[in-house]
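Okay, structure first, notes after.
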Amino acid sequence: GGRRFAVAFGGERPPIRPYVLMQDVLLRPGSMFSQRSLTESLSRLTAKGIFSSADISMTPMADSLHMTINCTLDKPYDLTLQANYVHKTSGRGGPGVGIGLTRRNAFRRGENLSFNLNGSADFSIGRTAGNSTNFDIVADVALEMPRLLVPKFLKLRRRWYNPPTTVTRVSFETINRTGFFRRNIFSAELLYNFQTSHSSRHTLSPLTIDYSYIASMDQAYKDIIATSAYMQVATRDILIPKMRYTYSYESSSSTNPMAFSFTVAEAGTVANIMRTIGGSGWDRKDKTMFKTPYSQFLKFEFDWRKSWRTGISSSIVAHTFFGYVHPFGNSSVTPFSERYYMGGANDLRGFATRAVGPGRASYDDKETMYLLSNGNLKALMNIEYRPRIFGSLYGAFFLDAGNVWDANGSGNAGAAFSWNNLANDIAVNAGAGIRYDLDFFVLRLDWGFVLHCPYDNGKSGYFNIPSFKDAQCLNFAIGYPF
C-alpha cells in the first residue's frame, strides 16, 4: 500500500499533469527492470517536444530499484520566421514571408498549440510584365495532442516506437489575382500520426473538409473561362470531403540515407454513397451537399529521395516525385486546388512558377498562365551535387526534369499525356547554387537555366532555347528543395 510514486515540482501546481508523464514510462512499480523499457521510456519523453532535457536514473535499494525521472520543460513559446524571393524571366517576382508561434504544453497535458501566417506577393518588375499585383495569404491554427484521440473501442493495445499524436487544424487561404478573381479556401482536418518503428511513420486523416469558393470575379476572368467548359467546371465553387493516408520510410544509414513516402487520398465516395442511397444515381454528375457541388476523386503520390556521400562534406542527392489524381463518380474533372503545377524554387528551377505544362501547351499571357498551366498528372526528377566550399558555405550543381499533364483531357492542344511524346514533353534545366547552413535552417540561392522546352517556341532541335537571357531564373529560398 501507500504511494507508488511522487511528483516534485516548482510553483503552486504541477506544470504538467502527472499521468501525462507516466503514460510514456514503461517501467512500473513491482515490475522487472528492463533496459529496453528504460531506453524506450526516455525516447518517448524526449519525443514529446515539450522538454529541453529528460533523464531517468535508477538507484539500487535493498531489494529493488528506486527510479527518478528528471524533466526540464522547454521554453513555453517558440517563434519561427521564414522568407524567400523569386525573380522570374517573365519580368515578375516577389517575396514570400511566414511567421509561426507555438505554445508548448498549452493545457498542461503535453499539447502544442500553434498559429501560422504565411503570405507571398507577385508583382511587376520590368516594363513588359503587366502592372498587376497578385498575393496569397494563408492562416492556420493547429493543436497537437500527444495521444490518439479516438473512441476506446478503437484504441490499439500495442507499444508505439514514439507516442502517437492527434492533430486538429483549421486554416483559411485567400488567393488574389488582380484583374481576375479572388478565391477563398476554408479547411478543417483531423490527423493521426503514429510511428511503428525507427524507420516507419504513418499519417491518417479520416476527415478533411475543404470548401473553395470564388469571393469576387472580374469580367476578364469570366471571358477567359467562358472559352473553356473544362475551366468553368474546374474553377467553380466546390466542397471536398476527403480521407488521406501516408506511409513514410527513412533508412537508418548515416552515409547513404534513403527515404520515400506514399500517399493515397479519396474524396467524395462516402458522400456519393449517401446520395445514391437517397435516390440519386451513382454516376450522375454534379450532385450537391449543402447546396454546393462536391468533388469525387482518387489521388496517388510517391516521393523518393536518396543520398550518396562522396566525401567528408559532400554528397549527391537524387529525388523523384510522381502524382496522379483520377476524378470519377460525381466529378468529371479534378478540382483546381488539387491539381499540380510545375516550375519554381523547389522543382524546375530554370522555369518560373507555372511556366511549364500541361504537356506541350504554352500560354503567352503570363496572367492567364496561372489558370491554365496545371494538370492532374505530375512527374519530376532531380539530381544535385552538394560540395562543401568552406565553413558553413556549400555549393550545388543540379539537373531538373519533369512536367504536368492533363490525363483526362481538358481540350487544350498538347496537354494530354502520351508515351510517344514523353521524351519531348519532359522539360529540362540545369543550374548552380550556393547554400549557407546555419544549423537551424539553410539559406539557398539557385540559378537555373533551361536546356529543353517542351512547347513550341520557334526553335528546332532538342536544345530549343531562342535566347539565353530569357531562359534563366533566380530563386532565393530557405531550406533544401528536397
Side-chain angles (χ1 to χ4, degrees), residues 49-50 74-88 92-107 110-125 132-146 165-178 180-191 193 203 205 207-216 237-240 242 244 246 335-339 341 344-347 352-354 370 438-445 475-482:
I50 62 174
D74 204 344
K75 56 184 183 296
Y77 293 97
D78 189 20
L79 181 67
T80 59
L81 297 171
Q82 59 181 356
N84 63 72
Y85 180 86
V86 175
H87 176 71
K88 306 173 184 178
R92 300 184 63 87
V97 295
I99 183 171
L101 178 66
T102 299
R103 175 65 167 93
R104 292 189 176 92
N105 193 31
F107 306 108
E111 303 94 341
N112 289 328
L113 180 64
S114 61
F115 305 86
N116 298 283
L117 180 63
N118 296 276
S120 61
D122 177 289
F123 49 82
S124 172
I125 298 174
S132 63
T133 298
N134 305 323
F135 62 84
D136 297 356
I137 299 175
V138 185
D140 73 74
V141 180
L143 178 64
E144 181 182 31
M145 296 164 280
T165 62
T166 301
V167 180
T168 57
R169 181 181 291 109
V170 177
S171 67
F172 178 79
E173 179 179 8
T174 182
I175 302 170
N176 186 84
R177 296 294 174 263
T178 303
F180 290 89
F181 68 90
R182 180 165 58 87
R183 174 177 289 275
N184 295 333
I185 304 174
F186 174 81
S187 300
E189 66 177 340
L190 173 66
L191 286 172
N193 299 304
T203 299
S205 174
L207 180 62
T208 299
I209 301 290
D210 292 341
Y211 175 50
S212 175
Y213 64 96
I214 295 290
S216 62
D237 297 352
I238 196 75
L239 183 68
I240 308 176
K242 61 183 176 182
R244 184 177 77 254
T246 298
F336 189 77
S337 60
E338 297 289 334
R339 297 175 70 81
Y341 62 89
N346 293 319
D347 44 50
T353 304
R354 299 181 185 271
Y370 174 86
L438 297 174
D439 291 334
F440 50 94
F441 67 86
V442 175
L443 296 175
R444 172 167 59 95
L445 182 66
N475 302 279
F476 174 74
I478 293 179
Y480 287 105
F482 46 83

Fill in: Arg103 NZ/CZ over Tyr77 ring centroid, <6.0 Å and within 45° of normal
yes
Worksheet entry | Heavy-atom closest pair, residues Glu111 and Phe107 | OE1-N, 3.4 Å
Worksheet item: Which atoms form the tightest heavy-atom contact between Gly344 and Thr353, and what is the distance?
Response: CA-OG1, 3.7 Å
Using only atom types and a distance under 3.5 Å, with no angle test, would you say the side chain of [X] pairs donor to acceptor with the backbone of [Y]?
| X | Y | answer |
| --- | --- | --- |
| Ser205 | Leu190 | yes |
| Asn346 | Phe482 | no |
| Arg182 | Thr174 | no |

Worksheet entry | Under the salt bridge (charged side-chain N to carboxylate O under 4.0 Å, His left out) test, residues paired with Asp210 that sit two or more places apart | Lys242
Worksheet item: With sequence neighbours left out, what residues match Glu144 under salt bridge (charged side-chain N to carboxylate O under 4.0 Å, His left out)?
Response: none
Worksheet item: Side chains of Asn118 and Ser120: donor-acceptor distance under 3.5 Å anywhere?
Response: no
Discussion item. Ile137 vs Phe172, test: side-chain contact (heavy atoms from CB on, under 4.5 Å). Steps then yes/no.
Written reply: CA-CA 8 Å; Ile137 299 175; Phe172 178 79; over 6 Å; no
Worksheet entry | Check: Val141 and Leu113 side chains under 4.5 Å, non-hydrogen atoms | yes
Worksheet item: What residue among Thr165, Thr246, Asn193 forms side chain to side chain donor-acceptor pair (under 3.5 Å) with Thr203?
Response: Asn193
Practice prompt. State the CG-OG distance between Asp140 and Ser114, to the nearest 0.5 angstrom.
Written response: 6.0 Å
